[in-house]
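In each ligand, atom 1 is the first atom listed, and ligand 1 is the first ligand listed.
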Amino acid sequence: MEAQTQSKRILFFPLPLQGHINPMLQLANILHSRGFNVTIIHTTFNSPDPSHFPHFNFESISDGLSAAEASTKDVIALLSLLNVKCAAPFQECLARLLSGEEPVACLISDAVLHFTSEVARSFELPRLVLRTGGVSSFLAFAAFPVLQQKGYLLNQDLRLEELVPELPPLRVKDLPVIKTSNPQTLYQLVEGMVKETKASSGLIWNSFEELEKPALATLMQDFPIPIFPVGPFHKYFPASSSSLIPHDQTCISWLDKQESNSVIYVSFGSIAAISDIEFLEIAWGLADSKHPFLWVIRPGLIRGSDWIESLPDGYLEMLDGRGHIVKWAPQQEVLAHPAVGAFWTHNGWNSTLESICEGVPMICMPCFTDQMVNARYVTHVWKIGLQLENGLERTRIKIDIKRVMVEKEGKEMKERAEHLKEKVNKCLQQGGSSNKSLESLVCYILSC
Ligand code: UDP
């Protein structure tokens, strides 16, 4: 039996990055469908479009970021700044929202916004955390103190291939680090995230039990708080779009003209960037593969270029319709299209999960942080993809595309991916693991 809600309100506070906004707003939709009223607190930076969510209230807070701060390429510096600059405006916002008549059950905050913990505590407001990445990569973040102590995080270059015994099957090069102006900023951010997640009233995952069972078991031991793996969120029902960039719908009409399982879908998400040399190797690798491809080239993807001006003259004409390039795709629809045979991805958690949900094998090209962990799980735990390693080179790319699209190992990856897709469908059904976890979450929030 479904738990009944009596119009209690939940406050949601997403981290203002695409890969965090999407799952938070999907979760808000899910809980709204269970009878809760929803308020989305958001920064002025990267604010979602309220017109797509007429059933939610939106509260904008000033993040105080200068234009230079908001456009920095140093994501870690940006996240650290948000944790400082949003504190006072968030406090004022909560004071206002909590002074109304309507009961507020709890706050659901992105795990990275760890400063919300202290503010919520000052109002005695229960704070649940949504971690938008996978459980396995979170455990790698939680292991940072040990990894630091054992010297795995700094000066990695000489031991990249070494296995990390504390975190099988990760190698040193799979650890979730990122180039940043000051590594201490990364360590502090991770420390804040892990500590305030542990201190939270509950932890929600856009993942499902059958996918990350061992990691969830470890997590439950190390984090003695209520834990709710209720994902994959985007499969509950078709949700409104929280995309910050408009989707190019020509993708779908182009895919409609392609043969089943023939297309390589290529996208590296909303943040990752590549050099112009890498860009050209990818372009030629795709062209030489002879497979049709749909390629998302987001403005800003290629360092130093506005868009695709560095493509060789005549490249698109030469392909004669075999390649379709867009600035942003309706990714979930694309992955669900029968023409798509593989996803060349940077392995952001949402992209990884969206691919798993549609049974699409992956060509993994992780760039930083949890993407490396996710790629390792795709290739060595779930065995539904291969990783492009040791630099991008067109001949190698062509060979790897063939391995996934044509060869026996690719067919086996596809079979395993289809098997995982079935597990997704089961976990969401009545009595399935995510469905039960959602029931517990609803009851738990009602008891807050
Ligand atoms: N996405 C999209 N269109 C695109 C590329 C990505 O709608 O052309 C969406 C994708 O479906 C996913 C999110 O953007 O939900 C990207 O999140 P992810 O965690 O994969 O990567 P990030 O952008 O955080 O690196």
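Of the possible donor and acceptor atoms, one in the side chain of Glu69 sits under 3.5 Å from a partner among the backbone N and O of Ser66. Between the Glu354 side chain and the Leu335 main chain, no donor and acceptor come within less than 3.5 Å of each other.
Using bins of under 30°, 30° to 60° and over 60° for the plane-to-plane angle, the ring pair Phe53/Phe58 lands in the tilted bin. Aromatic ring pairs are classed by plane angle as parallel below 30°, tilted from 30° to 60° and perpendicular above 60°; the pair Phe90 and Phe13 is parallel. The aromatic rings of His324 and Trp254 sit parallel to each other, their planes meeting at less than 30°, with 60° as the upper class boundary. Between His55 and His32, the two ring planes are perpendicular [angle over 60°; tilted spans 30° to 60°]. Using cut-offs of 30° and 60° on the angle between ring planes, the pair Trp382 and Tyr377 is tilted.
Given atom 1 (N) of ligand 1, the protein heavy atom at minimum distance is Trp328 CZ2, 3.3 Å. Protein heavy atom at the shortest distance from atom 15 (O) of ligand 1 is Glu354 OE2, 2.7 Å. Nearest protein neighbour of atom 20 (O) of ligand 1, counting heavy atoms only, is Ser351 OG, 2.5 Å. Closest to atom 23 (O) of ligand 1 among all protein heavy atoms lies Ser270 OG, 2.5 Å. Ranking protein heavy atoms by distance to atom 13 (C) of ligand 1, first place goes to Asn22 ND2, 3.7 Å.
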Kindly indicate, with the supporting measurements, whether the criterion side chain to side chain donor-acceptor pair (under 3.5 Å) is fulfilled by Thr72 and Asp74.
CA-CA 5 Å; Thr72 177; Asp74 189 335; 5.5 Å; no
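Using a 4.0 Å cut-off between heavy atoms, Asn350 contacts ligand 1 through both its backbone and its side chain. At a heavy-atom distance under 4.0 Å, no atom of His234 approaches ligand 1.
Inclusion of Gln332 in the set of residues having an N or O under 3.5 Å from an N or O of ligand 1 is not warranted. Considering backbone and side-chain atoms together, Gln18 places no N or O closer than 3.5 Å to any N or O of ligand 1. In terms of polar-atom proximity, Ala329 is counted as a contact of ligand 1, with an N or O under 3.5 Å from an N or O of the ligand. Between Ser243 and ligand 1, a contact under 3.5 Å exists for no N or O pair.
Judged by the shortest distance from any of its heavy atoms, Arg298 lies outside the 4.0 Å radius around the atoms of ligand 1. Ligand 1 has no atom lying under 4.0 Å from any heavy atom of Leu17. The shortest heavy-atom distance from Ser267 to ligand 1 is under 4.0 Å. In this structure, His346 has a heavy atom closer than 4.0 Å to ligand 1.
Ligand-side atoms of ligand 1 in range of Gly269: 23 (O), range being under 4.0 angstrom from any heavy atom. Heavy-atom proximity to Gly348, at under 4.0 Å, picks out these atoms of ligand 1: 18 (P), 19 (O), 20 (O), 21 (O). Listed by atom number, the atoms of ligand 1 under 4.0 Å from Trp349 heavy atoms are 19 (O). Close contacts between ligand 1 and Gly19 involve ligand atoms 17 (O), 24 (O) [criterion: under 4.0 Å to a heavy atom]. Every atom of ligand 1 with a heavy atom of His247 under 4.0 Å away is listed here by number and element: 7 (O).
Using a cut-off of 4.0 Å between Lys/Arg side-chain N and Asp/Glu carboxylate O, Glu210 and Lys426 are scored as not salt-bridged. Note on Glu418 versus Lys423: no salt bridge recorded, every NZ/NE/NH1/NH2 to OD/OE distance being 4.0 Å or above. Lys235 has a carboxylate O that lies under 4.0 Å from a charged side-chain N of Glu358, or vice versa, which qualifies the two as a salt bridge.
No donor-acceptor contact under 3.5 angstrom links the side chains of Glu209 and Ser433, judged on distance only.
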